[in-house]
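Below: the structure, in structure tokens.
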Amino acid sequence: YSFKRFQSHSTSNGLPNNAVRACHFQLNSWSGNQLQEGVLYNVKVRGRVAGDYLPWGPACRLMVNNALAQCPRTKLMDIPDNPFLSCGQVRPIGTSQASLVHAKPVRRMNNNCQWVSANRYQFRFRLASENFVLVKTTAVGAGNYFVNTNGLQCGKTYEVDVRASFNGGSTWCVVTPNPNSVSDPAWGDVCELSTVACPGSLALAPTTPHEAPALRMHPNPNRGDQLMIGLDRVQPEVQTVSVDIFDAFGKRVAARTIAVQDGYVNTVLDLNGELASGLYVVNITAGSAAFSERLVIQP
């Protein structure tokens, strides 16, 4: 089986009109040679500029699975250069920023071709040899995809898996995996997480009032789909922070209000391809503190 399809910018294909529409493709929107559900395909992509085709990119594996697409599986963050990397890492026990573990945020597309993010995550920590199971559930709200290690034991290596919910935890994504998979169908892939060796005291060094809040944005440059934002040491009285994105002409092109959880902000902004390529400024206001970072959007 070998089949090619071309997506031009002038063809809507059910996608919103924006600067990166040609970079997206709606599967099976053509007649004949339909992709079959449950079949694993090798897929390559190339661009076309002024009528000339660019070289093909590397192959990726793709399977049409409607059930899994509406209820995606997740796991501890495992992207090596991500500031929230948690899979295979070591954490001190506690509730500080250093003790947080993060899941990979997941989302699904609704019938209007708009991305909807999961709004609650559940983490399961297990020690099979000790018959130990600890389940932690995040607060309700899109972007709350992290928990702390309080309740674990020092000097241990845990098996950790995660699952997501799109209705505040009323139901959790449960999809039967490939028959050859050893994963629990009610949870995502397992990662190992180790806790630091037992010291004389488990107390973590307290945060001094002179430490300034730290802001993280990832990835930057960004493709215009998702922007991960982390902010720690938010003032105790601050319950929400404001995020405003301005273009190079000073026009505000996006605004969000994000809830603060235990003095931290860890969230994912869905940009939905609405920002054209170029330079932007992200302004974040958290009580009396204000931050500005440059954001580059590129294809």
Side-chain angles (χ1 to χ4, degrees), residues 74 76-77 82-86 89 91-107 115-123 135-152 162-170 203-220 222 225-246 252-272 280-295:
T74 184
L76 288 186
M77 174 59 72
N82 191 286
F84 305 129
L85 176 65
S86 300
Q89 301 302 296
R91 292 288 191 272
I93 296 173
T95 59
S96 71
Q97 179 75 14
S99 301
L100 297 181
V101 292
H102 298 77
K104 297 179 72 171
V106 292
R107 57 182 185 169
W115 287 107
V116 178
S117 296
N119 58 10
R120 204 167 196 187
Y121 292 81
Q122 203 166 57
F123 296 69
V135 176
K136 286 175 167 280
T137 305
T138 66
V140 178
N144 292 331
Y145 55 97
F146 60 94
V147 294
N148 58 57
T149 58
N150 196 34
L152 303 181
V162 189
R163 60 183 180 178
S165 173
F166 288 84
N167 55 16
S170 296
L204 300 177
T207 299
T208 69
H210 302 291
E211 289 183 289
L215 172 66
R216 302 172 303 282
M217 294 198 320
H218 178 86
N220 190 14
N222 192 285
D225 48 8
Q226 289 188 311
L227 177 65
M228 304 178 70
I229 293 180
L231 180 65
D232 58 16
R233 295 188 287 275
V234 179
Q235 297 167 354
E237 67 275 10
V238 177
Q239 301 299 315
T240 61
V241 302
S242 300
V243 180
D244 298 289
I245 303 178
F246 297 86
R252 188 170 68 175
V253 294
R256 302 284 195 279
T257 299
I258 309 299
V260 177
Q261 181 179 340
D262 297 328
Y264 305 104
V265 173
N266 284 279
T267 192
V268 177
L269 297 185
D270 289 321
L271 303 177
N272 297 317
Y280 296 82
V281 175
V282 179
N283 287 347
I284 299 179
T285 304
S288 61
F291 308 85
S292 291
E293 290 284 348
R294 292 185 177 184
L295 172 65

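Glu293 approaches Met217 most closely through the heavy-atom pair CB-CE, 3.5 Å. Contact between Gly168 and Asn119 at its shortest, heavy atoms only, is N-OD1, 2.9 Å. The two atoms that bring Ser170 and Ser165 nearest to each other are N-OG, 4.1 Å, heavy atoms only. When all heavy atoms of Pro83 and Arg216 are compared, the closest pair comes out as CB-CD, 4.1 Å. For the pair Ala103 and Thr74, the tightest heavy-atom approach, listed with the atom from each and the gap, is CB-OG1, 4.2 Å. Residues Ser99 and Pro92 approach most closely at OG-O, 2.9 Å, considering heavy atoms.
A 4.5 Å side-chain heavy-atom check between Leu227 and Leu295 finds at least one atom pair inside the cut-off. Here the side chains of Pro105 and Met77 are in contact, with some heavy-atom distance below 4.5 Å. Under the 4.5 Å side-chain criterion, counting only non-hydrogen atoms from C-beta, Lys136 is in contact with Asn148. When side chains are defined from C-beta on, Val106 counts as touching Tyr121, because their heavy atoms get closer than 4.5 Å. When side chains are defined from C-beta on, Phe84 does not count as touching His218, because their heavy atoms never get closer than 4.5 Å. For the pair Gln239/Val260, no side-chain contact is recorded, criterion being any heavy-atom separation below 4.5 Å from C-beta on. Looking at Met228 and Tyr145, their side chains come closer than 4.5 Å, going by heavy atoms from C-beta outward. Two residues are said to be in side-chain contact when any heavy atoms from C-beta on lie closer than 4.5 Å; Ile245 and Leu271 meet this criterion.
With rounding to the nearest 0.5 Å, the separation of CD1 in Ile284 from CD1 in Ile258 is 9.0 Å. Distance CG/Asn220 to OH/Tyr280: 12.5 Å, rounded to 0.5 Å. Put simply, OG1 on Thr257 and CG on Asp244 are 8.0 Å apart, with the number rounded to the nearest 0.5 Å. To the nearest 0.5 Å, the span separating NZ on Lys104 from CG on Asn82 amounts to 9.0 Å.
Side chain of Arg120 to main chain of Thr138: a donor-acceptor pair is present (N/O by atom type, distance under 3.5 Å, no hydrogens or angles). A donor-acceptor pair is defined here as one N or O able to donate and one able to accept, closer than 3.5 Å; such a pair exists between the side chain of Ser86 and the backbone of His102. A donor-acceptor contact shorter than 3.5 Å links the side chain of Thr149 to the backbone of Gly94.
Under the salt bridge (Lys or Arg N to Asp or Glu O under 4.0 Å) criterion, no residue pair touches residues 92-103, with sequence neighbours excluded.
Looking at residues two or more places apart in sequence or on another chain, you find no salt bridge (Lys or Arg N to Asp or Glu O under 4.0 Å) involving Arg256. Arg107 is linked by a salt bridge (Lys or Arg N to Asp or Glu O under 4.0 Å) to Asp270, counting only residues two or more places apart in sequence or in another chain.
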